[in-house]
Structure formats: C-alpha cells, structure tokens
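Order of listing sets the numbers, starting from 1, for every ligand and every atom in it.
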Amino acid sequence: MELKIFPDGDKASKYIAKEIADFISDKNSKKERSVLGLPTGNTPIQVYEELIRHHNEGLSFRNVITFNLDEYYPMVASRKESYHTYMNINLFNHIDIQKENVHIPDGSIPGDMIKSYCDEYEEKIKAFGGIDIQLLGIGRTGHIGFNEPGSKKDSKTRLVELDEKTRLDALSGFRDLNFVPKKAITMGIEIILQAKKIFLLSLGKKKAEVMNKCFFNDVSSERPASYLQEKENVEVVLDEGASMLIPSYKMH
Ligand code: PGA
C-alpha cells in the first residue's frame, strides 16, 4: 500500500482521474475494454468532473464497463436519492458509456431474491475478468463500499445494515433521518480486494481520524478499510486535511 498526500482535493482528484483516463486510453488503443469499480458520495465528485473533462477532450468510454459498489435498500432507481440517479447526474449522462455496460446494485429487488442477485453481481464482475481499477471512498466508520465494522475479509456482495454514523452522514441527501434507508446492497470485501488496482480517496479534516485508525493501526474487521494495508497495488490518496493526524508523510 502506498500513501500519497496532495495539498488539496483538487490536485488529488486530478491525479486519480488522470490515472484512470490514461488506463482507459491505453486499453482503447489496444481495442480492449476497461473494467472500473465506482463509488458514490461527496468524495469522488471531482474525479468524475475530471473524467468528463477528459471525455470532452476526446477520451471515449464506449469500451468501459462499470460496477458500482453499492445502493441503498430498499431504493427505486428512479428516485432522486438513489445511487443510480447520482451516477447519471455526476458521470454517466455526460460521457459516451453504453447503458448495457453500467452495473449498479438494484435496490428494488424482492427480499427473497437478494442472495441470488448478489451472487450474480459478483459472477458478472468475474466474467469480465475482474475489476481493473477500483475507486473507493471511506466512511467515518472505516467502511469501504457499505462494508461496515464487523465485515469479514472474505465477505461477499450482500445486504447489510448501515451503521448509525453512516446514516447520519447520509442525512443531507434525505428529508430527515427517518427517510435514510437502514440497509444497503454492497459489494463484499473479497471482490473489492481482488481488483487489480485500487485508489482510495479521502478528503477533508473530518476523515483525519478514520485515516489514522485504518492505516496506522492493526488490520481489523472493526476497520474494514484496514484490509487494504495488506494489499499491493493500493494507493491511498489524501489531501492535507485527511492526513492531518498522520505522523509523517511525503507530499506529492
Ligand atoms: P463521502 O462518503 O464521500 O460522502 O464522504 C464516503 C463513503 O461513505 O464511502
């Protein structure tokens, strides 16, 4: 695992977007497809803005396959609070990705079909040869995707209960806490860790404490992001705010 600290979120986001854009461009030139794992939340918004800018400058997403990390449950895709809507507004409506190449967990699946649906979601990822680049945010609970504390390293894509801290952090998107879903479908830790390259982006002072806990402490299921410590090909990318409590660091 490598730690990269940038002076601000703008530079950190541009760095990651360029890495992704260069990867897609290289694959496009070989007529190969790129498989991306994508997050939602506030953190990746600038990365998506930059990817749109790369698209406007000529980068094609026609050979890009995407798998989103999670979706609230229950949640109808057309609702404004859904991660389907988030992805359309923040990325997909602005690039030439093919609809059939986009995969986001379906938060409207009936309860008795969730298990088989989640197994199929993982099978699809594997059928594409796995995820080439996985972009991650991190929650204040140490979650990646919605893998909250207690998630095992070999956990599968599944229905999970959201931590109360996570629901509070999600509040701004909903009318009040009663409307914030209590559950979500999330890609499991195991399939996330199988990605060939992972960027975890963490921005702002409010993430400083969780960064310290997850990356300068033992690996523990109580801090799911800490599993990334054991993996190569992981870049943890921070701005100054998020790196505030980290003992010593290298500025990029
Ligand atoms: P945020 O969420 O980007 O809105 O801070 C990150 C996460 O919960 O993974």
For ligand 1, output the ligand-protein N/O contacts shorter than 3.5 angstrom; if there are none, return none.
from, atom 1, to, atom 2, distance (Å)
ligand 1, 3 (O), Asn42, N, 3.2
ligand 1, 3 (O), Thr43, N, 2.9
ligand 1, 3 (O), Thr43, OG1, 2.4
ligand 1, 4 (O), Asn42, N, 2.9
ligand 1, 5 (O), Lys207, NZ, 2.6
ligand 1, 8 (O), His143, NE2, 2.6
ligand 1, 9 (O), His143, NE2, 3.3

Checklist entry - Among Glu49, Glu57, His55, whose side chain to side chain donor-acceptor pair (under 3.5 Å) with Arg53 holds? => result Glu57
Checklist entry - In this structure, which one of Lys156, Lys153, Lys126, Lys152 forms a salt bridge (charged side-chain N to carboxylate O under 4.0 Å, His left out) with Glu190? => result Lys156
Checklist entry - What's the spacing between Leu171 CG and Thr166 OG1 if we round to 0.5 Å? => result 12.5 Å
Checklist entry - By side chain to side chain donor-acceptor pair (under 3.5 Å), which residues pair with Ser151, not counting sequence neighbours? => result Arg158
Next on the checklist: Which residue in the set Val236, Leu200, Ile198, Asn233 passes side-chain contact (heavy atoms from CB on, under 4.5 Å) when paired with Met1?
Outcome noted: Val236
Checklist entry - Can Glu235 and Lys197 be said to form a salt bridge (Lys or Arg N to Asp or Glu O under 4.0 Å), step by step? => result CA-CA 8 Å; Glu235 287 186 34; Lys197 172 89 194 183; 2.7 Å; yes
